[in-house]
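These notes are about the structure you will find just below.
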Protein chains: 2
Amino acid sequence: MPTSTVENYLKAILVRSADADAAVATGSLAEALGVTPGTITTMVKSMASRGLLEHQPREGVRLTDSGRAHALAVLRKHRLVETFLVQVLKMDWAEVHEEAEALEHAISERVLLRIDAILGHPDADPHGDPIPSAKSPQFDRDSSLSLATCEAHRQYRVERILDQSPSFLEFIQRTGLMPGSTVKVAERDPASGVVRCELRDHPATLGLPEAAKIEVTEAAARPRVAAEAHPSSGSARKPR
Amino acid sequence: MPTSTVENYLKAILVRSADADAAVATGSLAEALGVTPGTITTMVKSMASRGLLEHQPREGVRLTDSGRAHALAVLRKHRLVETFLVQVLKMDWAEVHEEAEALEHAISERVLLRIDAILGHPDADPHGDPIPSAKSPQFDRDSSLSLATCEAHRQYRVERILDQSPSFLEFIQRTGLMPGSTVKVAERDPASGVVRCELRDHPATLGLPEAAKIEVTEAAARPRVAAEAHPSSGSARKPR
DNA sequence: ATATGGACTTTGAGTCGTCAAACGATTAAT
DNA sequence: ATTAATCGTTTGACGACTCAAAGTCCATAT
């Protein structure tokens, strides 16, 4: 049974290795996990010896099948817990990430199953991040359209917020840019680095790097976010 | 911030020191926590140096006010979580103890407040153990009447089950002896060590040590932990 | 081609929680 | 009162995780 530290390492590697089978640089892990590079080397060696990943010294790290499976399980827990905290415990959208960070290591499979059932087997968490499913643990990072890249003057639908920091999430909430909302880019000025948007009834302004963290799809596309807390309502989109 | 290991030590000491201000023997802690006596000595010294308890070498251990406060907070978390798992997640009565054992160290005060509110500020968990309140953290172990000591041929109400082991709880559940149910001792035979009871519609037989783990009150008595005599029978022992 | 800078690894050390085994203290029994 | 038995403490060690600082590798700029 991996410790919660190891689980965090796995998760960090997974979310950094979604695209391609490129190795993940140990330096980026040190960054992400807030430890020194030496610590990463040590841990990575020990995890390699446990068969969770492969380590190409001086090049990077790649999850094995077993490591990836563990990592997906942790990610699934994290995202289901986040969804649960928002929909059932009515907690604030912006603060659940940190809570889930702790809970994901303490929740048993039994509890997770109950939560999943109560939520009606959602396939995305409140930030629009996909919830890896128990049976089909694909981890998709598909849609590459964001407010930084989409066309101007067209309606888009916010699908996903690629940043968990409370301050950013609070900004999103304040301006109504949560997943599910409809938005149009009014103007994008590379010179000033400013993106101006139109929401339903008000405008919003943000920087280009920030706009890139807001994934969108064409307004017509089918919704992806978890259903409103009602297990019974016909929105269980993932029935098997 | 105490680690979860320290929290477990605190909890173990608290539940063993409810009666009197007698010191808790380190040996009983080793037993309870499943570690060697030497480990207890070591940990206890470190906790003493942090002001969580006082250690009389070769005699035992006593919580300080600060230690007791921490311990009560952990116990409160544990019992609220248990209640939540049963009432909201509809989990099995007999298995929630182990789940709560892990969750109690991962749940933040914020989440706890939401859980408490959703449950309507209960004052006992599904096993009848009192939930220390946020404001009045008294820890009572009053009622000393059990199926091993109560009078025969009189109606009693089960208040509390003093054993968290799944197998015992499953037995309780199977025979319908859960807190809130009504029971009468039909016969108690010290020679054979057997207690025979009558439930609403069927009999039950158990050993004396087991009977002692089932706390009861006179059937007429109002729910043990004070307060508004809400006639909403059944299991919701404390609305509001 | 070689020197420099940046990324990674190694080394030595520290904390926490744990064990086994040797050692002391206290109590109970002769 | 001396001895046993029991209970508690000490000691030395280890695994997991971490750091700081010294060492190594390698790409590239001159």
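Order of the sequence lines fixes the chain letters, A, B, ..., with proteins taken first and strands second; residue numbering starts at 1 for each chain. Since the structure is predicted, the reported quantities are computational estimates derived from the model, not experimental observations.
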Can you tell me if [X] touches the phosphate of [N], counting only side-chain N or O atoms and a distance under 4.0 Å to OP1 or OP2?
X	N	value
B:Tyr9	C:dC16	no
B:Thr26	D:dT9	yes
B:His55	D:dG8	no
A:Thr36	D:dC19	yes

Give a yes-or-no answer on whether the side chains of [X] and [Y] include a donor-acceptor pair shorter than 3.5 Å.
X	Y	answer
A:Thr39	A:Thr36	yes
B:His78	B:Asp125	no
A:Glu82	A:His97	yes

What nucleic acid atoms does [X] come within less than 4.0 Å of, heavy atoms only: base, sugar-phosphate, or nothing?
X	answer
B:Gly27	sugar-phosphate
A:Thr41	base
A:Ser46	nothing
A:Thr39	base
A:Ala25	sugar-phosphate
A:Gly60	nothing

Carboxylate-amine/guanidinium proximity below 4.0 Å for A:Arg110 and B:Asp92: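 Salt bridge: no.
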Just the rounded figure in Å: distance from [atom2] of [N] to [atom1] of [X].
X	N	atom1	atom2	answer
A:Met47	D:dT18	CE	P	11 Å
B:Leu33	C:dC19	CG	P	10 Å
A:Leu29	D:dC17	CG	P	15 Å
B:Glu59	D:dT9	CD	P	10 Å
B:Asn8	C:dC16	CG	P	17 Å
A:Met43	C:dT10	CE	P	16 Å
B:Ile40	C:dC19	CD1	C1'	13 Å
B:Lys45	C:dG17	NZ	P	15 Å

Expected output: side-chain A:Thr64 to main-chain A:Leu52 donor-acceptor under 3.5 Å: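 Yes: the side chain of A:Thr64 pairs with the backbone of A:Leu52.
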Would you mind telling me which of [options] lies closest to the side-chain atoms of [X]?
X	options	answer
A:Pro57	C:dG17, D:dG8, C:dT9	C:dT9
B:Pro37	D:dT9, C:dG17, D:dT18	D:dT9
A:Thr3	C:dT18, C:dC8, D:dA16	D:dA16

B:Ile115 side chain reached by B:Ile107 side chain, heavy atoms, under 4.5 Å: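 Side chain of B:Ile107 against side chain of B:Ile115, heavy atoms only: contact under 4.5 Å found.
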Check: A:Arg58 side chain, C:dT9 base, donor-acceptor under 3.5 Å: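 Per atom types, no contact qualifies.
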